[in-house]
Amino acid sequence: MAVGWAKDGAVHDEIDSKVAEALDRARRDAPQGESLEACEDCGAEIPAKRREAVPGVRLCVACQGKREEG
């Protein structure tokens, strides 16, 4: 609940704005185009279900995890 001089719902509006920005950034940064059948890092096969679930996927699950870890 917002306190002080903030208008009613200001905190909720700010949270909604931050979530929307994060979703836009994730969609913009997501792979585009045709999915690869083999991982571009290790060459392992990318399962058909993953290619269907993540259009434009370029990495297997293991390599994607490694990249996300840093």
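Taken from SG in Cys39 to CG in Leu59, the straight-line distance is 5.0 Å, to the nearest 0.5 Å. Distance check: Arg67 CZ to Asp41 CG gives 4.0 Å after rounding to the nearest 0.5 Å. Glu69 contributes atom CD, which lies 11.0 Å from atom CD of Gln64 (distance to the nearest 0.5 angstrom). Between the CD atom of Glu45 and the SG atom of Cys60 there is a distance of 11.0 Å, given to the nearest 0.5 Å.
Contact check for Glu14 versus Val11: no side-chain heavy atoms found under the 4.5 Å cut-off.
Pairing each heavy atom of Ser35 with each of Gly56, the nearest pair is OG-N, 2.9 Å. The two residues Gly43 and Ala38 have their closest heavy-atom pair at O-CB, 3.7 Å. When all heavy atoms are compared, the tightest approach of Val57 to Arg51 is CG1-CA, 3.8 Å.
Other residues, nucleotides and ligands place more than 12 heavy atoms under 6.0 Å from the CD atom of Glu40.
Both Val54 and Leu36 belong to a single network of hydrophobic side chains, linked directly or stepwise wherever heavy atoms of I, L, V, M, F, W or Y lie under 4.5 Å apart.
Classification of Arg25 and Glu21 as a salt-bridged pair fails, no side-chain N sitting under 4.0 Å from a carboxylate O.
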